[in-house]
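Written out below as structure tokens is the structure these notes cover.
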Amino acid sequence: MSVREFVVLGTASQVPTRHRNHNGYLLRWDGEGILFDPGEGTQRQMLRAGVAAHDINRICVTHFHGDHSLGLAGVIQRINLDQVPHPVAAHYPASGQKFFDRLRYATAYRETVPILEEPVSEDGPVAQGASYALETRRLSHPVESFGYRITEPDGRRMVPEQLARHGIKGPDVGRIQREGRLGEVTLEDVSEPRPGQRFAFVMDTRLCPGVDELAEGCDMLVIESTFLDEDERLATDHGHLTAGQAARVARDAGVRHLVLTHFSQRYTDPAEFERQARAAGFEGELTVAADLMRVPLPKRG
């Protein structure tokens, strides 16, 4: 049975707190694990969340600020220490190659696992998984930053009433799915379109076209909301979003489940982020992320 869930390892921004670790997130997508923005302390948070190095198939880094990347050294060494039995792809801004190199080889260790370096330099597709396509869009931050979007191909959903009407049951259901036709009955006669799931991960950025493109039509949008709305000027100056801005993006993009994260240490009441997101008009499912939280992706539409 496929599992699709978002595991939150850390939710702090630049400064961790007693209750919030630096960034770190794992998306479980069927049999694959995609680790996003491993900040300092990610390896320990993985242990606490029940995430093993073997669970990681890809690492996606949005940009090379420490709270999003300092954990790379430990994670990569752990992947090698545990002799993960598959290659691990690493996606990150090409302009930060020197930082990736320094983190990958921060100390001495024995390399046992291929780390496939796949730097990103422009918008567009970057990888093809077994059941998804991975693409990027450029964001607006003081250093080069990219957001990531995962899209499942559209498929078809079998309609029980139509199957019964045409007398198709048992092994014949699988056969018509595989072959597209059973006698005079076509797959279209007994099924309906099922849009593929869409997931986007948007970290440090101001409002920009890339944010809207990543969010469009997503089943789940994970997005930074470093500041509350009263500090919008600070957010713009430092290349970040407020809770209200993030919620308006989600509202206008038709997002089904909005996950807010990456909170400044200046705020102590998480409920205020939810209040401001609702005040901005977002009516879908809403989660204010907390460390070690597991958030299932919405059921396919």
Side-chain angles (χ1 to χ4, degrees), residues 1-10 23-47 49-64 68-137 144-153 196-201 203 222 297:
M1 182 178 179
S2 65
V3 174
R4 296 185 181 179
E5 68 173 359
F6 185 69
V7 183
V8 180
L9 303 174
N23 287 278
Y25 311 87
L26 183 86
L27 175 66
R28 296 188 190 273
W29 185 282
D30 301 342
E32 290 196 34
I34 304 170
L35 179 67
F36 292 95
D37 279 7
E40 186 177 351
T42 291
Q43 191 178 174
R44 184 169 185 273
Q45 293 295 95
M46 287 169 55
L47 178 65
V51 174
H54 284 62
D55 295 331
I56 301 171
N57 298 86
R58 295 186 188 277
I59 301 172
C60 294
V61 177
T62 58
H63 66 291
F64 284 101
H68 297 259
S69 62
L70 280 176
L72 268 171
V75 168
I76 290 175
Q77 291 190 27
R78 184 59 179 270
I79 287 169
N80 284 273
L81 177 66
D82 289 0
Q83 298 185 35
V84 168
H86 52 256
V88 175
H91 309 281
Y92 51 88
S95 61
Q97 184 68 53
K98 63 181 180 180
F99 301 121
F100 184 87
D101 292 342
R102 290 171 184 169
L103 289 163
R104 180 175 179 179
Y105 298 111
T107 65
Y109 66 98
R110 179 169 173 257
E111 291 188 272
T112 63
V113 180
I115 303 295
L116 309 179
E117 297 185 10
E118 300 182 10
V120 176
S121 58
E122 59 186 17
D123 292 357
V126 296
Q128 183 69 52
S131 60
Y132 65 86
L134 176 67
E135 59 184 315
T136 60
R137 292 292 185 275
E144 188 172 51
S145 183
F146 287 90
Y148 294 89
R149 179 179 168 101
I150 290 171
T151 303
E152 178 185 35
Q197 282 191 319
R198 293 166 173 80
F199 169 92
F201 184 81
M203 281 298 114
V222 177
L297 268 69

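Hydrogens, waters and symmetry mates are skipped; everything else that's a heavy atom, side chains included, is used.
Atoms CD and CG, on E40 and N23 in that order, are 12.0 Å from each other to the nearest 0.5 Å. In this structure, the separation between CD1 on I79 and CG on D55 is 10.5 Å, given to the nearest 0.5 Å. Interatomic distance, CG of L27 versus CD of E32, reported as 9.5 Å (0.5 Å rounding). Atom-to-atom distance recorded for C60:SG and M203:CE is 12.5 Å, nearest 0.5 angstrom. In this structure, L116 CG and H86 NE2 are separated by 10.5 Å, a value rounded to the nearest 0.5 Å.
For F199 and F6, the gap between ring centers is short of 6.0 Å.
Closest of all the heavy-atom pairs between H68 and V61 is O-CG1, 4.2 Å. Here the closest non-hydrogen pair linking F64 and G96 is CE1-O, 3.5 Å. Nearest heavy-atom pair, R137 versus G124, reported as atom, atom and distance to 0.1 Å: NH1-N, 3.7 Å. Considering all non-hydrogen atoms of both residues, V88 and I56 come closest at CG2-O, 3.6 Å. Annotation for S121 and F146: closest pair C-CZ, 3.8 Å, computed over non-hydrogen atoms. Contact record, E152 with R4: OE2-NH2, 3.0 Å, taken as the closest heavy-atom pair.
Residue pairs meeting the salt bridge (Lys or Arg N to Asp or Glu O under 4.0 Å) criterion with at least one partner in residues 101-115, sequence neighbours excluded, are R104-E111, R104-E117.
In terms of modelled atom types and a separation under 3.5 Å, the side chain of T112 and the main chain of N80 share a donor-acceptor contact. Under a 3.5 Å cut-off, the side chain of R149 and the backbone N or O of G147 do not form any donor-acceptor pair.
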- Task: Step by step, work out the side chain to side chain contact (heavy atoms under 4.5 Å, CB included) result for L134 and I34.
- Result: CA-CA 11 Å; L134 176 67; I34 304 170; 5.6 Å; no
- Message: side chain to side chain contact (heavy atoms under 4.5 Å, CB included) for N57 and W29? Distances and angles first, verdict last.
- Response: CA-CA 10 Å; N57 298 86; W29 185 282; over 6 Å; no
- Go through the steps to decide whether L9 and L35 satisfy the test side chain to side chain contact (heavy atoms under 4.5 Å, CB included), and finish with yes or no. CA-CA 10 Å; L9 303 174; L35 179 67; 4.0 Å; yes
- Message: Evaluate V75 against M46 for side chain to side chain contact (heavy atoms under 4.5 Å, CB included), listing each step before the verdict.
- Response: CA-CA 9 Å; V75 168; M46 287 169 55; 4.3 Å; yes
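Between L72 and F99 the shortest side-chain heavy-atom distance does not fall below 4.5 Å. Side chains of E5 and V7 form a contact here, defined as non-hydrogen atoms less than 4.5 Å apart. The shortest side-chain heavy-atom distance between I59 and I115 does not fall under the 4.5 Å cut-off.
Atom CD of Q45 sits in a crowded spot, with more than 12 heavy atoms from other residues, nucleotides or ligands closer than 6.0 Å.
For R78, the salt bridge (Lys or Arg N to Asp or Glu O under 4.0 Å) partners are D82, not counting sequence neighbours.
The one candidate from F201, Y25, Y92 that meets the ring pair (Phe, Tyr, Trp, His ring centres under 6.0 Å) condition with F36 is F201.
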